[in-house]
Participant: 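Below is a structure I'd like to ask you about.
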Amino acid sequence: MTETEVATAAALFEATLLGRQDAGATILLEFAAAAGAGPLKAPAPGQFYQVRCDTGKEHLLRRPLSAFGASAGQGGLRLSFMVDVVGWGTRRLSLLEPGDSVGMLGPLGRGFEVAGVRKALLVAGGIGAAPLAYLARELDRSGVTYEFLAGFRTVSGVCPGLDELRGGVSVFTEDGSRGEAGVACDGLPEILRRGFDAAFVCGPQEMMAAAAGLCEGAGIPCQVSLDSRMACGIGACRGCVKEGAGGRSLCVCLEGPVFDSRQVSWKKRTEGSGPALR
Amino acid sequence: MTETEVATAAALFEATLLGRQDAGATILLEFAAAAGAGPLKAPAPGQFYQVRCDTGKEHLLRRPLSAFGASAGQGGLRLSFMVDVVGWGTRRLSLLEPGDSVGMLGPLGRGFEVAGVRKALLVAGGIGAAPLAYLARELDRSGVTYEFLAGFRTVSGVCPGLDELRGGVSVFTEDGSRGEAGVACDGLPEILRRGFDAAFVCGPQEMMAAAAGLCEGAGIPCQVSLDSRMACGIGACRGCVKEGAGGRSLCVCLEGPVFDSRQVSWKKRTEGSGPALR
Amino acid sequence: MKNPVVLASGTAGYALEMAPLVDLSRLGAVILKSVTVEPGRGNPEPRIWETTGGMLNSIGLENVGVERLVEEVLPALSGLDTVVVASIAGETVRDFAKLASRLEGAGRLAALEVNVSCPNVEKGGIHFGCDEGATATVVQAVRENCSLPLFVKLSSAVSDISRVAEAAARAGTAGLSLINTIPGLAVDPVTRRPRLGAVTGGLSGPAIKPVALKAVWDCYRATSLPIIGGGGVYDAGDAVEFMLAGAAAVSVGTSTFQDPDRAARILEDLPAAIEKAGADGPRRLVGALKVNG
Amino acid sequence: MKNPVVLASGTAGYALEMAPLVDLSRLGAVILKSVTVEPGRGNPEPRIWETTGGMLNSIGLENVGVERLVEEVLPALSGLDTVVVASIAGETVRDFAKLASRLEGAGRLAALEVNVSCPNVEKGGIHFGCDEGATATVVQAVRENCSLPLFVKLSSAVSDISRVAEAAARAGTAGLSLINTIPGLAVDPVTRRPRLGAVTGGLSGPAIKPVALKAVWDCYRATSLPIIGGGGVYDAGDAVEFMLAGAAAVSVGTSTFQDPDRAARILEDLPAAIEKAGADGPRRLVGALKVNG
Ligand SMILES: Cc1cc2nc3c(=O)[nH]c(=O)nc-3n(C[C@H](O)[C@H](O)[C@H](O)COP(=O)(O)OP(=O)(O)OC[C@H]3O[C@@H](n4cnc5c(N)ncnc54)[C@H](O)[C@@H]3O)c2cc1C
Ligand SMILES: Cc1cc2nc3c(=O)[nH]c(=O)nc-3n(C[C@H](O)[C@H](O)[C@H](O)COP(=O)(O)OP(=O)(O)OC[C@H]3O[C@@H](n4cnc5c(N)ncnc54)[C@H](O)[C@@H]3O)c2cc1C
Ligand SMILES: Cc1cc2nc3c(=O)[nH]c(=O)nc-3n(C[C@H](O)[C@H](O)[C@H](O)COP(=O)(O)O)c2cc1C
Ligand SMILES: Cc1cc2nc3c(=O)[nH]c(=O)nc-3n(C[C@H](O)[C@H](O)[C@H](O)COP(=O)(O)O)c2cc1C
Ligand code: FES
Ligand code: FES
């Protein structure tokens, strides 16, 4: 990790799979931007890529994936993603083999805003741990203190690399198979009393709504990373737009995916939408 | 090759690629019917299979391929095909790797009628050599004499295994890179004088028309294997039907692909149709 | 019907072709290839072309004609333990009347599909299905000549399919069959020729599923008639989608070309898919799409 | 226009979004997202759903409104060396007249696309495009208020698109744009809900290419007007297909989601594709489909 300013210029490039690691229920994929892709900015934590999953015409939409890690060293940009296999596209990614090439578009959107934050609270549910683990590593690098509450369904879903973090990490699993039994929010009421400059949350909609409510109640500014189906990823199609607080439109791909929790409308999400980040 | 009666009952089964051999411009694929496919009949020369090329929904139609070889021994049915890569489906087949499984439907249609034939003439153009090479090997087995004129564009297209045949084989290439320079029909007028009980022809439409004309002129019954786009392969959809002589409809998948040349209407084929067997 | 999965007209021939490959007795019904008064020669070759997620066909109603259907095909089907539905197509209202009366009492048939929406014949065909009056007249003519339950097969290629459906309902059809193929064209960019001998054809397959689902939903809301819904049905999830949109039964056409046993597989997977949708049987799903809240 | 490949309305936003990724100056034109008289909020989420070979959208004309288009967007585009076409959509004929007069002399625009075929708005939208009279009235109203060349954008979801095209031609449109998305529905078979918040949406992408090609061919024969043809255009071969069917220019929409630079790549491959078709330039191909012999 050598370059972490917020990257603004998204680029279209090919990336080659360097390696894959089955991390229980999820898969960790590491890519290198193909030589010739030109100089590429590293993503900020919370930014994402539109990943081309199909080489044919059956599945035309790219899939959004948050950066789980990145480094922009001599060998060019390296990117890693944590993928939860929930449907066709994520399955296709899970079948990639080292050497396979994949189209990337990014980094996209606005990541977590950490300027001025000296003591942070990170709350993750399921695959929502991907952008937060990246954030945590960046906070480690810049010497920011944090507590990280990370909840998972079961031990096999637990995000790799949490042990190497320098901040305080509490793992929850719903079945108690690792860490405490329960969900990440269970730890919130107590830990919030310790006081934080900001909270960063990513997980299922209901979990984010609960966490945002608790943080707001404790007077702690809360940033949440929203999930939405996407087509263009660059603000052109308005396909990802969600209704925010006060009826404002939130363009998730361009103005988000990270929003101040007070901008978000936490009404029960339509069941018809895709599965939440887990 | 242990079983060669004309198989009538087509079956739906999975086959596993055993091996592949790049034979210049074409590819030779050898499959074994998956265990559990039940007892399967071996195809007669000229019969074909509808091969499922796509595992997804982008390409819904199976591709017809003539059997290039078959054996129905103890290990179950083994099938081989010679594939000329001309488009999406054949390219997909050319990328299969040993162990990959492919859906098969067959054997389909009516193959070459050899009953009573003691001296045969085989004329092939391009990939049309696939069913005729199979026929030749079967004729070797049953001790029928034959001459085989096989024309190809260039040396890399030449059908493998011709050297091992017991009959007389004359190879032609358009560029003279192997055998005589020219096309298979060039040798016809002369060889026809030797007299044959029947001629068996498979190749591009124009070539079959020419060969049929010469054979008919010489009073030699001629069987041709027609090409047509197919959907069902079993006579249900009428998609493969071509207009035959006297305006009769020829259902290529069910009544053919092998027809008596006099049943066929050799009018110039519509350019809009797929590429001819080459 | 034993169950709600049927084979669509035109892709399963006269059922006999499929019999060696699929246990037809397991399916809900087989809808036979549409027949006309006289045997049909069909359109010039080529007649099919694969497209992204679907195909174009311009078979042009090549068929044995109603006489051979009654004299040869139906008797041959007597051994099949399957519900059989005949499909009829005419160029004129008189044709439909003739076809209906010839099939009255022909035996072996459970219902009649009335194809007023074939895009591949020059006269009649889709032109009936575009016109509310003409559709109603055809339904009446068939009803007067045949006591079998009728399912009118409509095209989605109209400005408002629900109005055609309502006209058919008023004329007394027992149900609807939705949708026929959608008119389309494909061109060979090298030879400059259409891919089909008849120039245009009908589009079918998963590519058209959303259009078909909307047609079913529109007609279900407009008429509440029993609907045989189809267009791109590929798996049991698709079948449930069609039921939720209002289909009482689901037809499988083009997908059978990829896998002749696709309808049978859908049947196998259907109970689990229905359970996932929180129902205890197909009936409870029909039209149960949740559209508000 | 420098060349016949344009970006379709609604998939390239207001062009600025695409500018960092694609060299827009190479393209024939960019058609901006349709604007309405007032800024549009659009439809409830979710708004998109992927389908086999295509997608459904129900954006519902979320847009900045004509005022901001003129005051902010068009000036921002001044730096782009690209032909820009605005697209307008109204609920009433008066809306169209207002939009047209606001854009008259707004500068930066080479033409106006008149969207009478959006399937995603309750009022207006596709209903105009289904009706020959209404389409003609809209064309007249726009012409009276704006001197820019007009391209009326039609829907294929009508019984006979060529009659609507003829009506538009008689009313004096400069050209046609074909086709808008086709109304469709997708259902979540587990939750029983529609996949889109607005229940139905519009189908686009390669899945609909055959339908779009037929619409172009039908309208080309009926009117000989210049046509911007699109619907599923994915590669240079597709572009040639559309030209042969009668399109003078080809629009690329949904395919840009898979590859934002798809239109640029099509342009790159086009000369070779045109040569393969035996022509020395795009013009010679327009409508040159060989249909007999
Ligand atoms: C900003 C952002 C970051 C994300 N980061 C990650 C990550 O790091 N790791 C990870 O595993 N997942 C992540 N997701 C979720 C991921 O994009 C979806 O799980 C994925 O698109 C599902 O695709 P599929 O083909 O496997 O599923 P399918 O259900 O087959 O997809 C069908 C369609 O729905 C859309 N879709 C389905 N679920 C979602 C969803 N949850 N979000 C958006 N679109 C959806 C797909 O794009 C596609 O168009 C992220 C989503 C967003 C919006
Ligand atoms: C009875 C029969 C036996 C055949 N045997 C062989 C063989 O042994 N080896 C071999 O290499 N080829 C054989 N062919 C031709 C082979 O089926 C086609 O080359 C193949 O279908 C092309 O598919 P594609 O996806 O590669 O091409 P594409 O052009 O991408 O196919 C597009 C569509 O056109 C159809 N199509 C295109 N060309 C043909 C064609 N020539 N015949 C039928 N359909 C076509 C395809 O099925 C598909 O629907 C045979 C054809 C028939 C009818
Ligand atoms: C090759 C072919 C032939 C067809 N023939 C008929 C027919 O004779 N009568 C009819 O009503 N529909 C016919 N259809 C339409 C189908 O019955 C079905 O309505 C349509 O294809 C959509 O369903 P699918 O996508 O499952 O194929 C035919 C379709 C195909 C592909
Ligand atoms: C997300 C999305 C938004 C669209 N918005 C508009 C629009 O505002 N105005 C319009 O005329 N067409 C709109 N369209 C239709 C496209 O311009 C195009 O006509 C259609 O999608 C078919 O082309 P395609 O298959 O290349 O996308 C939209 C399409 C999509 C997918
Ligand atoms: S995905 Fe297109 S605007 Fe956000
Ligand atoms: S391919 Fe269906 S009848 Fe021959």
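Every chain is numbered from 1, with letters handed out A, B, ... down the list of sequences.
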Participant: Would you check if the side chain of C:Glu45 reaches a backbone N or O of B:Glu243 as a donor-acceptor pair within less than 3.5 Å?
Facilitator: yes
Participant: Contact part of B:Ala11 toward chain C, heavy-atom cut-off under 4.5 Å: side chain, backbone, both or neither?
Facilitator: backbone
Participant: Using heavy-atom distances under 4.5 Å, tell me whether C:Thr256 contacts chain B through its side chain, its backbone, both, or neither.
Facilitator: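 Contact with chain B involves no heavy atom of C:Thr256 at all.
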Participant: If we check side chain to side chain contact (heavy atoms under 4.5 Å, CB included) with C:Glu62, which of these qualifies: B:Ser249, B:Cys237, B:Cys251?
Facilitator: B:Ser249
Participant: Any heavy-atom pair between the side chains of B:Leu60 and C:Pro206 that's under 4.5 Å?
Facilitator: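 Yes, their side chains come closer than 4.5 Å.
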Participant: Count the heavy atoms of every other residue, nucleotide or ligand shown that sit under 6.0 Å from CZ of B:Arg78, and state whether that count exceeds 12.
Facilitator: no
Participant: Got a second to check how far B:His59's NE2 is from C:Thr52's OG1, nearest 0.5 Å?
Facilitator: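 That separation rounds to 7.0 Å.
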Participant: Knowing that exactly one of B:Ile234, B:Leu61, B:Leu105 qualifies, which makes a side chain to side chain contact (heavy atoms under 4.5 Å, CB included) with C:Phe257?
Facilitator: B:Leu61
Participant: What is the distance from atom CZ of B:Arg248 to atom CZ of C:Arg41, rounded to the nearest 0.5 Å?
Facilitator: 11.0 Å
Participant: Is a side-chain donor-acceptor pair under 3.5 Å present for B:Arg62 with C:Gln258?
Facilitator: no
Participant: Using a 6.0 Å cut-off, check whether atom CD of C:Glu38 has over 12 heavy atoms from anything other than its own residue.
Facilitator: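 Incorrect, the count does not exceed 12.
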Participant: Indicate the atoms forming the closest heavy-atom contact of B:Ala236 with C:Ala12, along with that distance.
Facilitator: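 So the minimum-distance heavy-atom pair works out to CB-C, 3.9 Å.
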Participant: Hey, is B:Arg63 close enough to C:Glu50 for a salt bridge, meaning N to O under 4.0 Å?
Facilitator: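 C:Glu50 and B:Arg63: salt-bridged.
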Participant: For B:Arg238, is it the side chain, the backbone, both or neither that has a heavy atom under 4.5 Å from a heavy atom of chain C?
Facilitator: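 Contact with chain C: backbone and side chain both.
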Participant: For chain C, which candidate among B:Gly103, B:Gly247, B:Gly233, B:Cys240 shows the most heavy-atom pairs at distances under 4.5 Å?
Facilitator: B:Gly247
Participant: I need the C:Asn57 CG to B:Arg229 CZ distance, nearest 0.5 Å.
Facilitator: 12.5 Å
Participant: Of the listed residues (C:Thr11, C:Leu21, C:Val190), which shares the most heavy-atom pairs with chain B below a 4.5 Å separation?
Facilitator: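 Going by pairs under 4.5 Å, I would pick C:Leu21.
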Participant: What part of C:Asp259 gets within 4.5 angstrom of chain B, counting heavy atoms only: side chain, backbone, both, or neither?
Facilitator: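 Both parts, heavy atoms under 4.5 Å.
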Participant: So, for B:Gly239 and C:Arg47, which heavy atoms are closest and what is the spacing to 0.1 Å?
Facilitator: O-CB, 3.5 Å
